[in-house]
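A short worksheet on the structure shown next.
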Amino acid sequence: MNASEELAYTSATDLARRIREREISPVEVMEATIERIEARNPSLNALVYTDFVGARERAKAAEKATEEPGDLGPLHGVPSCLKDLYGFKPGWPNTFGGIRALKDFQVDAYCAFAERVEKAGAILVGKGNSPVMGYSASTDNPLFGPTSNPFDTSRNPGGSSGGSAAAVADGLFPFAQGTDGGGSVRIPASLCGIFGIKPSFGRVPFFARPSAFVHTSPFIFEGALTRTVDDAALVLDSLAGHDPRDPYSVDGPIKFQDATKRSVKGMRIAYCPEYDVFPVDPRVSAVVKEAVLALEEAGAIVEEVEIGLAHDQHELCELWHRLVLPAVVGGFDEFREAGIDLYGALSDDIPPELLELAERGKRQTVSEMALDQGMRTEVLDAFSAVFENHDLVVGPTLCSPPVPNSQDPKVLSTGPVEINGVTVDKLIGWCPTYIQNFTGAPAASVPAGLSEGLPIGLHIVGRRWGDVDVLAASAELERIRPWNYDIPSSRQI
């Protein structure tokens with residue numbers, strides 16, 4: 001077994017330890033990483049930009065640092081990647097999800113993830129694919145095309161952090177950036193058989209510009225995609241904490257890594273198999289139920305409950321679409337001021353659903369916005385009532401297993417249009433994850449098992465600021481039902 005294969009599924013925690021103890025050098029790790037990317041990425045299309053020259057230079061500097069006195073960061077020498085949407089690093093292109101007119105566009109700033117993981121010693125190597133402006137739960141776009149799922153390359157890894165998730169699942173990196181405005185960390189985590197968490201809103205800063213307030217409706221999060229819960233906790237400990245560029249970010253005494261040692265014994269869990277109103281594929285339901293039973297066997301007190309949502313899944317999905325209108329319109333207007341008119345001659349770069357949403361946004365009234373925030377509050381109140389008697393809410397991350405990629409290069413990949421005979425919005429309506437972007441609660445997708453060889457995720461939601469409960473339950477499930485899934489190692493490349 002060569003170094004690339006040996007290190008491919010080594011955790012970030014173990015890599016960082018071995019580098020600190022000088023069992024392996026950052027240069028060796030980087031060369032193994034690049035070798036695997038060059039061999040595996042062509043069949044995935046997970047990474048759409050790589051900076052191997054810069055990564056090798058940073059690895060050499062990291063190796064030199066291990067030979068000198070002084071403390072090393074908790075992620076020293078560990079490779080990672082950004083997401084080609086909100087993954088900003090000066091000098092790197094940012095296409096905002098494969099917009100052809102932005103193929104050479106750059107943002108002269110750092111996102112919180114890039115700034116903080118580099119400060120912790122990580123080495124950023126490239127960027128993962130994303131749908132246009134993150135406006136889909138499937139990763140596909142006009143510039144780069146679809147990303148493939150490592151479990152079955154004819155299927156999609158989900159979105160919008162699909163490139164990051166596929167890269168982590170396939171052993172290209174031990175962790176990667178995800179951002180989450182409707183489930184974009186948790187959706188691809190579920191479909192790729194890995195762990196994805198968005199912490200409570202405010203735990204990790206989000207540097208939104210030109211407006212520092214645009215990421216509140218719905219709540220948008222920086223999160224982490226990893227193969228283990230311990231790795232997620234390690235990364236979150238590096239990401240969390242107040243930053244004045246985000247007025248909503250907070251400091252706190254929490255240490256995420258401590259939470260993974262806790263038991264779920266005595267924890268009260270509300271099990272919501274369909275969240276009252278969502279059609280769920282029976283294959284998903286069966287796997288999720290087994291994972292919930294495992295938590296019960298570990299000592300948790302599980303009760304099947306109804307949340308009490310007052311609106312059906314179509315109305316809730318439409319609410320999410322309407323809540324993102326200001327951010328979409330603002331983004332289009334910002335590009336137009338920079339001389340990039342996505343409304344006009346360049347509109348072929350933009351999916352028609354997103355163009356229609358931008359036009360709707362121009363017509364939205366203040367009264368309509370106020371009514372939507374009232375509807376959003378009803379969702380918050382319903383979950384708050386459940387949390388009066390429960391520590392966690394669990395259910396399926398998604399309503400469907402991984403979906404096929406489009407076979408027509410002129411048609412972008414999307415989710416299902418119908419589940420159990422019920423129509424769903426193909427962009428995000430099959431993803432109940434977006435509900436927690438209304439509430440700001442911590443939520444994670446944990447691998448629950450496989451159905452017909454494809455991953456299914458369990459969604460674990462905590463009270464606001466109950467991040468430790470989410471991590472504790474996730475780590476317990478990992479201990480009692482390990483998810484070291486086999487991914488084809490010899491697929492056609």
Side-chain angles (χ1 to χ4, degrees), residues 48-49 82-115 126-145 147 159-164 177-182 184 206-222 245-246 320-364 369 410 412 427-428 437:
V48 294
Y49 172 79
L82 299 177
K83 172 182 177 179
D84 188 33
L85 183 62
Y86 295 119
F88 306 144
K89 179 176 166 64
W92 282 16
N94 200 90
T95 73
F96 285 86
I99 298 175
R100 286 176 293 209
L102 301 179
K103 65 182 178 66
D104 299 316
F105 188 79
Q106 295 184 10
V107 176
D108 189 25
Y110 278 97
C111 65
F113 184 95
E115 184 175 273
K127 304 189 78 173
N129 203 14
S130 172
V132 173
M133 295 183 79
Y135 189 61
S136 176
S138 300
T139 294
D140 195 353
N141 59 60
L143 180 59
F144 300 116
T147 294
S160 64
S161 308
S164 291
Q177 180 196 27
T179 56
D180 194 311
S184 292
F206 193 91
F207 305 158
R209 292 296 182 271
S211 170
F213 304 96
V214 73
H215 62 308
T216 63
S217 185
F219 291 128
I220 302 176
F221 304 75
E222 286 264 31
R245 289 167 289 184
D246 179 357
W320 182 85
H321 286 299
R322 292 195 301 271
L323 287 176
V324 303
L325 289 174
V328 171
V329 173
F332 274 54
D333 289 346
E334 185 182 356
F335 285 127
R336 186 160 56 183
E337 289 178 7
I340 303 170
D341 187 4
L342 300 178
Y343 290 116
L346 302 174
S347 63
D348 286 347
D349 283 3
I350 309 300
E353 296 90 352
L354 187 54
L355 282 174
E356 194 273 334
L357 190 76
E359 292 299 327
R360 285 171 60 188
K362 296 178 187 178
R363 303 188 299 269
Q364 190 179 38
M369 293 173 68
K410 297 181 180 179
L412 296 180
L427 295 179
I428 198 172
N437 294 84

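Position 1 is the first residue of the sequence, and the numbers go up from there.
Panel note: side chain Thr139, backbone Gly162; a donor-acceptor pair is recorded below 3.5 Å. Side chain of Asn141 to backbone of Pro131: no donor-acceptor contact under 3.5 angstrom is found. Remark: side-chain polar atoms of Ser130 are paired, donor with acceptor, to backbone N or O of Ser160 under 3.5 angstrom. Here the side chain of Asp349 pairs no donor or acceptor atom with the backbone of Ile99 at under 3.5 angstrom. The backbone N or O of Leu143 sits nowhere less than 3.5 Å from a side-chain atom of Lys103 that would complete a donor-acceptor pair.
Side-chain contact check for Asp84 and Thr95: at least one donor-acceptor pair (N or O, by modelled atom type) lies under 3.5 Å. Side-chain contact annotation: Ser164 with Lys83, donor-acceptor N/O pair under 3.5 Å absent.
Glu334 is linked by a side chain to side chain contact (heavy atoms under 4.5 Å, CB included) to Pro210, counting only residues two or more places apart in sequence or in another chain. Residues passing the side chain to side chain contact (heavy atoms under 4.5 Å, CB included) test with Ala212, sequence neighbours excluded: Arg209, Pro247.
Separation of atoms CZ (Phe207) and CZ (Arg245) is listed at 3.5 Å; rounding is to 0.5 Å. Atom-to-atom distance recorded for Gln177:CD and Cys111:SG is 4.5 Å, nearest 0.5 angstrom. Distance CD1/Ile220 to OG1/Thr179: 8.0 Å, rounded to 0.5 Å.
You'll find the ring centres of Phe332 and Tyr343 inside the 6.0 Å limit.
Between Phe88 and Phe96, the angle of the ring planes lies from 30° to 60°, which puts this pair in the tilted group.
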